Participant: 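Input: one structure, supplied below.
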Amino acid sequence: MCGIYGFIGGGKVEELINGLKKLEYRGYDSAGIAFAKNGELFVEKHTGKVDQLREHLNSDLSKRINSGIAHTRWASHGIPNDLNAHPQMDCQHKIAVVHNGIIENYEQLKETLKAEGHVFVSQTDTEVVAHLVEKYFNGDLLDAVRKAILDLDGTYAIGVLHADVKDEIIFARRKSPLVVTADGKRSYCASDVTPLISSSRDVVFLEDGQLARLVAGEYEIFESSGKSVAKTIQHIEWDEKAAEKGGYKHFMIKEIHEEPRVISDAITGRISEKKVVLKELKGWDNYLKNVNKINVIACGTSYHAGLIFKYFFESLRPFNVEVEVSSEYRYRNVLIDEHTLTIAISQSGETADTLESVGLVKSRGGKVLAISNVVGSTLTRESEKTVYINAGPEISVASTKAYIGQLTVLYLLALYIDELFGGNHPDIVESLQKLPEIADNFIISSVEAIKEVASKYVGYENFMYIGRGINYPSALEGALKLKEISYTNAVGYQAGELKHGPIALLDEKFPVMAVAVNDQLYNKMMSNILETKARNAHVVAVLTEGDLNLKESINDAIFLPKLPSYLYPFLVGTAFQLFAYHVADARDLNIDMPRNLAKSVTIE
Ligand code: F6R
């Protein structure tokens with residue numbers, strides 16, 4: 001996730017670097033800073049690490065400056081390179097802008113600004129903000145930024161510095177955090193509290209639509225109408241390590257809490273008039289209309305997301321969708337023709353087996369569409385098209401928010417292809433738009449209850465996860481999460497398969513995690529739960545709220561809100577992540593870095 005840091009009130013260039021160092025934990029691919037001296041703007045930005053930026057700055061590090069803004073970028077629009085790194089500038093090189101988030105309407109804005117004579121040099125959405133501020137600047141920077149943000153659709157946290165405006169820097173936010181503070185001499189703004197708490201622990205979290213004007217040692221907050229608003233100051237108790245994790249104990253739990261935002265970011269700019277718009281697939285409509293087979297290739301958690309795609313797509317129309325783990329697919333003698341679409345899913349975009357499978361598909365003349373989280377990763381370079389999940393970097397090794405982001409994008413993709421075939425599902429599109437709020441409410445209201453359930457199962461050595469239909473892959477994913485971070489044997493099965501063997505495992509020492517939400521397979525799941533109960537297994541059932549039918553037959557329940565059945569995998573996924581997290585946490589394990597695992601599996 002990108003990081004922003006800025007200060008005003010005097011200091012050295014090196015302090016901008018020090019601020020960025022404290023944001024490094026968020027993950028990034030390039031870094032840059034801007035400051036002004038005697039009406040001239042200095043910008044230094046590069047791909048690579050903050051330490052490389054420090055080397056580039058060299059003798060400038062000790063320079064005295066009045067103010068500066070700094071950024072670590074995690075690419076979303078445009079590959080990671082020096083030009084796309086932030087700060088971005090206007091035509092006159094007077095204005096520097098740093099930005100976190102996604103400007104949905106940047107293409108339209110860019111066209112308009114170009115027609116007005118503005119010249120663009122990067123592929124970023126951010127650059128439009130610099131040109132908009134230039135367009136509206138009339139001596140009052142706050143007013144120019146205020147007018148610029150009124151033109152923006154999407155999400156942003158921005159910082160703006162103008163070489164001719166010595167005494168202030170401006171920040172603004174919508175849906176992407178910004179925190180402001182001052183210590184009497186200087187004032188500061190950052191995308192989280194980590195780089196601020198060494199200066200002051202009394203901070204203001206900007207709210208959506210607000211702007212902050214920072215001057216030396218003071219700051220003011222404004223509504224987008226320009227009206228000044230009172231500050232709500234909060235005192236931060238966290239130390240820096242806790243602050244990196246937003247006050248959470250581990251990145252994993254922080255990242256689970258980010259899932260509603262991830263869903264919303266994955267949807268941003270991809271829905272228009274209740275239809276899915278995937279600009280990334282431009283030029284492919286004719287090809288997609290003639291596809292009669294979809295092959296999905298992926299590993300681990302990404303493979304489970306692929307399986308859910310299959311069930312969801314088939315619920316839209318009968319179709320030939322095959323999902324295979326890459327380490328098997330790459331050795332198969334697969335039939336691929338011009339009517340086959342291959343979807344390769346990889347959070348990192350670097351998984352060796354998935355890349356080899358992509359090579360196989362291409363060698364047979366097939367087309368590959370990548371679903372990835374890392375702009376410019378090998379997979380995205382090897383594939384014809386990519387739809388990014390925009391989840392921001394995932395730091396915990398076990399995939400959580402990236403999985404939810406993958407599901408979101410795969411649902412959009414399924415709807416998009418289905419629309420090309422003549423389908424129309426405004427109800428599903430609408431329900432996806434509501435999902436971030438539903439997911440947020442679910443996490444807030446259930447995290448303690450799930451912790452409580454998990455606390456009862458910390459001592460067990462074996463678990464069986466079962467589900468049916470679209471919730472069968474959730475069983476696989478739930479079992480994988482528990483294995484990875486708590487080192488507990490957990491197996492996932494189609495509930496209907498129990499009687500064909502796995503049921504022999506069950507006894508009072510082998511708990512069952514069963515997904516029995518209110519879908520068309522609910523009655524079948526009830527029977528499966530009764531079967532497991534008859535073998536004395538303890539059952540934790542994931543149910544729809546208000547469902548008391550199984551009260552006497554289960555030991556514990558995790559309740560989900562009532563949803564259209566196709567949405568359950570999102571919340572079941574989150575519920576199982578929380579369960580695994582709390583089991584592992586109760587055992588005091590190294591949750592963010594489980595033994596034997598790596599975030600990016602670049603070996604075969
Ligand atoms: C599980 C997990 C792994 C990855 C798998 C594929 O939590 O993180 O199973 O999902 O290694 O990785 P990507 O998606 O990067 O190809």
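Just follow the structure's listing: the first ligand is 1, and inside any ligand the first atom is 1. Just so it is clear, the structure is predicted and the values come from calculations on it, not from any experiment.
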Participant: If only side-chain N and O atoms count, and only distance matters, is there a donor-acceptor pair under 3.5 Å linking Asn100 with His71?
Facilitator: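 Asn100 and His71 do have a side-chain donor-acceptor pair below 3.5 Å.
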Participant: Give the contacting part of Lys481 toward ligand 1: side chain, backbone, both or neither, where contact means a heavy-atom distance below 4.0 Å.
Facilitator: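 The answer is the side chain of Lys481.
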Participant: Determine, using ring centers only, whether Phe421 and Phe319 are less than 6.0 Å apart.
Facilitator: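 Phe319 vs Phe421: aromatic centres under 6.0 Å.
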Participant: For ligand 1, is any non-hydrogen atom under 4.0 Å from Val397's backbone (N, CA, C, O), its side chain (CB onward), both, or neither?
Facilitator: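 The backbone, only.
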Participant: Using a distance-only test with no angle check, is there a side-chain donor-acceptor pair under 3.5 angstrom linking Ser565 and Asp519?
Facilitator: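 Result is no, nothing qualifies.
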Participant: Could you list which atoms of ligand 1 come closer than 4.0 Å to a heavy atom of Glu484?
Facilitator: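 Near Glu484, the atoms of ligand 1 are 1 (C), 2 (C), 7 (O).
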Participant: Provide the number and element of each atom of ligand 1 under 4.0 Å from a heavy atom of Ala398.
Facilitator: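 Within the 4.0 Å cut-off of Ala398, ligand 1 contributes 7 (O).
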Participant: Nearest heavy atom to atom 10 (O) of ligand 1 wins, so pick from Leu379, Ile297, Ile371, Thr301.
Facilitator: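 Shortest heavy-atom distance from atom 10 (O) of ligand 1: Thr301.
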Participant: Taking atom types as modelled, find out whether Asn555 and Tyr457 have a side-chain donor-acceptor pair closer than 3.5 angstrom.
Facilitator: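 No, no side-chain donor-acceptor pair sits under 3.5 Å.
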Participant: Using a distance-only test with no angle check, is there a side-chain donor-acceptor pair under 3.5 angstrom linking Arg587 and Thr488?
Facilitator: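 Side chains of Arg587 and Thr488: pair found under 3.5 Å.
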Participant: Using a 3.5 Å cut-off on N or O atoms only, is Ser399 in polar contact with ligand 1?
Facilitator: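 Between Ser399 and ligand 1, an N or O pair is found under 3.5 Å apart.
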